[in-house]
K.L.:
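One structure, as structure tokens, below. Some questions next.
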Amino acid sequence: MQSKALPGFRDLYPADTALLQKIFDVWRAVSARYGFEEYGGPPLEPLELYTAKSGEEIVGQLYHFEDKGGRAVALRPEMTPTLARMVAAKASDFKKPIRWYTIPQLFRYERQQRGRLREHFQFNLDLIGEPGPLADAEVIAAAIDVMRGLGFGPESVRVRMSDRRVIRALLMGAGVEEEQLGAAYAAVDKIERDSRDALTDRLKGAGIERPIADRVLDLAEIRGLESVLGALDEVTDGELIGDGLTECHGALANMGLVEFVDVDLSIVRGLDYYTGIVFELFDANRSVRAICGGGRYDDLLRALGGIDLPAVGFGMGDVVITELLRSRSGAPSTPSRLDVYLVAVTSSDVPEVLRLSHALRDIGIRVEYALKQQAVAKQLKIASVRGSGRAILIGPDERESGEVVVRNMDTGTEEQVPITALTEDLAWLGGRETP
RNA sequence: GUGGUUGUAGCUCAACUUGGUUAGAGCGCCGGACUGUGGCUCCGGAGGUUGGGGGUUCAAGUCCCCUCAGCCACCCCA
């Protein structure tokens, strides 16, 4: 093997780039439909931007080094701290709620696996300044619409949604102490992955003993809005706590998207900064890890940027989506890259080919021609491989008569077209879209 | 970072039971048959330090050790 890209990094060949671009296009199109504006930020940030609130232990998962000015810097592993700084710096400039999205390339130093590299592009969409559940529903709907835009329906993509406030109330109602919540969340999060016995042991290690531990694990298995509300009825003041989840669910129903949504109390998300509704998108048959994760983080902007604004958003990486698209649709079709290929029959025809190619390019038509003299058969073969819809043959006869041969590469039929008419009337292109 | 597993051409895979001579095929790529007509067919060519290094042996793709890389699990999931 010769040299390759670093572990966890990708060389993006044209076919890879085309697929990535398609994903970007959907991200941008959905964002635009929801009224979100794109922003950006530096790929390199002060190391302390990430260590300040997350602690030193995450340094091991960062690409970080000292720059030539002696600053401790890191490649960004996430966008939220940058977003917090940007919003905080100009919070009063923007009418609330702020609807922003971005597509940063993010980096993390850890061992790669399928669907998880050391670098990826992650669509981040955040809605800042609105605490109500319609904001949560808006963001979740956008995530769903991205997957719909990529051709996935409710049979293949599922939203699993929960609410930190609900699970917290239920856990405390079950007898979990405030300081044990972290351990309880971790156990709830792993309910589908680990055995009950193993989780009971873990809970025991955190001081949560048998009767309570059993109740914690039972809560983690609650599915469906009705069951959640039923469980909340058993808790003091529980009815109000379910309102957010109920309204968000109802809003998604009104939008016609509820068939994508499962209320699932085992979803807690790893980060402890989430304060309300949390959600993840999954491939329905779970062949890959989560497609997307997000939720409400009403306290984070104050902690990070010193500005007190509620917020809700999500991150969606390109790697898992790419895996899904590749496994689903088999070989990605090669899109047409050319409108027309100009064939010079003899070397004397090259000047006319050059003149015509540039005249066509000037009006936005995608044109290629051979850069060296080749047999007509060879030139047509390349035209075919390039996905060109038409080929124009220019030889001594054509230059003499002023009429070129336009060959339809799909059907093989040919027609004579006056060379002067080629740039005037584009009928010969067969209705192909041109700018 | 820890543990497990895999590694042969650009890709997918071969290479007899138990080490044996010059590591093969399909697809793809390049060229030719076809000097003004692509797809089909036929023919030819390039492309390998068998991931790398060391060891055992008369002899290693094959056995042993180390290392690198992929995959899986843990960790973590921004």
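These numbers come from the heavy atoms of this one structure, side chains and all, not from hydrogens, waters or symmetry mates. To find a chain, count down the sequence lines: A is the first, B the second, and so on, and within it residues start at 1.
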K.L.:
Roughly, in whole Å, what's the span from CD in A:Gln113 to P in B:rU2?
P.N.:
15 Å
K.L.:
Using whole Å, report how far CG of A:Leu62 lies from P of B:rG1.
P.N.:
15 Å
K.L.:
Whole angstroms only, please: what is the CZ-P distance between A:Arg386 and B:rC29?
P.N.:
11 Å
K.L.:
Quick one: list whatever passes ring pair (Phe, Tyr, Trp, His ring centres under 6.0 Å) with A:Phe260, sequence neighbours left out.
P.N.:
none
K.L.:
Identify, with sequence neighbours excluded, every residue that meets side chain to side chain contact (heavy atoms under 4.5 Å, CB included) alongside A:Ala370.
P.N.:
A:Tyr341, A:Gln374, A:Gln379
K.L.:
Does a donor on one side chain and an acceptor on the other come within less than 3.5 Å for A:Glu45 and A:Thr82?
P.N.:
yes
K.L.:
Both A:Leu117 and A:Asn124 contact RNA chain B. Which one's nearest nucleotide lies toward the 5' end?
P.N.:
A:Leu117
K.L.:
With sequence neighbours left out, what residues match A:Tyr63 under ring pair (Phe, Tyr, Trp, His ring centres under 6.0 Å)?
P.N.:
A:Phe9, A:Tyr109
K.L.:
State whether a side-chain donor-acceptor pair under 3.5 Å links A:Tyr274 with A:Asp299.
P.N.:
no
K.L.:
Return a single string for nucleotides 37-42 of chain B, one symbol per nucleotide in 5' to 3' order, where B is base contact, S is sugar-phosphate-only contact and - is none, cutoff 4.0 angstrom on heavy atoms.
P.N.:
BBB---
K.L.:
Using the P atom as the reference point in each nucleotide, state the distance between B:rC71 and B:rA33 in Å, no decimals.
P.N.:
45 Å
K.L.:
B:rC77 C1' sits how many Å from A:Ile267 CD1, rounded?
P.N.:
13 Å
K.L.:
For A:Asp16, enumerate each residue passing the side chain to side chain contact (heavy atoms under 4.5 Å, CB included) test, keeping only those at least two apart in sequence or located in another chain.
P.N.:
A:Leu12, A:Tyr13, A:Arg326
K.L.:
Could you give the distance separating B:rG47 and B:rG4 at their P atoms, to the nearest angstrom?
P.N.:
40 Å
K.L.:
Round to a whole Å and report the spacing from CZ of A:Phe314 to C1' of B:rC77.
P.N.:
17 Å
K.L.:
If we take the P atom in both B:rA73 and B:rC30, what is their distance in whole Å?
P.N.:
40 Å
K.L.:
According to a 3.5 Å limit on both distances, what stems of 3 or more consecutive Watson-Crick or G-U pairs are formed with RNA chain B?
P.N.:
B:1-7 with B:68-74, B:10-13 with B:24-27, B:29-33 with B:41-45, B:51-55 with B:63-67
K.L.:
May I have all residue pairs that pass ring-ring contact (aromatic ring centres under 6.0 Å, His included) and include part of residues 302-326 of chain A, sequence neighbours excluded?
P.N.:
A:Phe123-A:Phe314
K.L.:
What's the OH-P distance between A:Tyr50 and B:rC77, to the nearest Å?
P.N.:
17 Å
K.L.:
Below 4.0 angstrom from OP1 or OP2 of B:rA73, is there any side-chain N or O of A:Arg111?
P.N.:
no
K.L.:
Using the P atoms only, state how far B:rC27 lies from B:rG39, rounded to an integer number of Å.
P.N.:
15 Å
K.L.:
So what does A:Pro81 touch, heavy atoms closer than 4.0 Å: a base, only the sugar-phosphate, or nothing?
P.N.:
nothing
K.L.:
Any chance the side chains of A:Thr200 and A:Asp197 put a donor and an acceptor closer than 3.5 Å?
P.N.:
no
K.L.:
CD of A:Glu110 versus P of B:rG1: gap in Å, rounded?
P.N.:
12 Å
K.L.:
Sticking with atom P, work out how far B:rC66 lies from B:rC29, rounded to a whole angstrom.
P.N.:
43 Å
K.L.:
Using a heavy-atom cut-off of under 4.0 Å over every strand shown, decide if A:Arg108 touches base, sugar-phosphate, or nothing.
P.N.:
base
K.L.:
Mind checking the P distance from B:rC77 to B:rG52? Whole angstroms is fine.
P.N.:
38 Å
K.L.:
Could you work out, with ring pair (Phe, Tyr, Trp, His ring centres under 6.0 Å) as the rule, every residue matching A:Phe121, not counting sequence neighbours?
P.N.:
A:Phe24
K.L.:
With A:Arg118, which residues qualify under salt bridge (Lys or Arg N to Asp or Glu O under 4.0 Å), at least two apart?
P.N.:
none
K.L.:
If I pick the P atom on B:rU67 and the same atom on B:rC11, what distance separates them, to the nearest angstrom?
P.N.:
26 Å
K.L.:
With A:Arg160 as the cation and A:Phe279 as the aromatic partner, state whether NZ or CZ is under 6.0 Å from the six-membered ring centre and within 45° of the axis.
P.N.:
no
K.L.:
Have a look at A:Pro7 and say if it touches a base, only the backbone sugar-phosphate, or nothing, with a 4.0 Å heavy-atom cut-off.
P.N.:
sugar-phosphate
K.L.:
Tell me the interatomic distance from A:Tyr13, atom OH, to B:rG28, atom P, rounded to whole angstroms.
P.N.:
19 Å
K.L.:
Which value, in whole Å, describes the distance between the P atoms of nucleotides B:rU57 and B:rG51?
P.N.:
23 Å
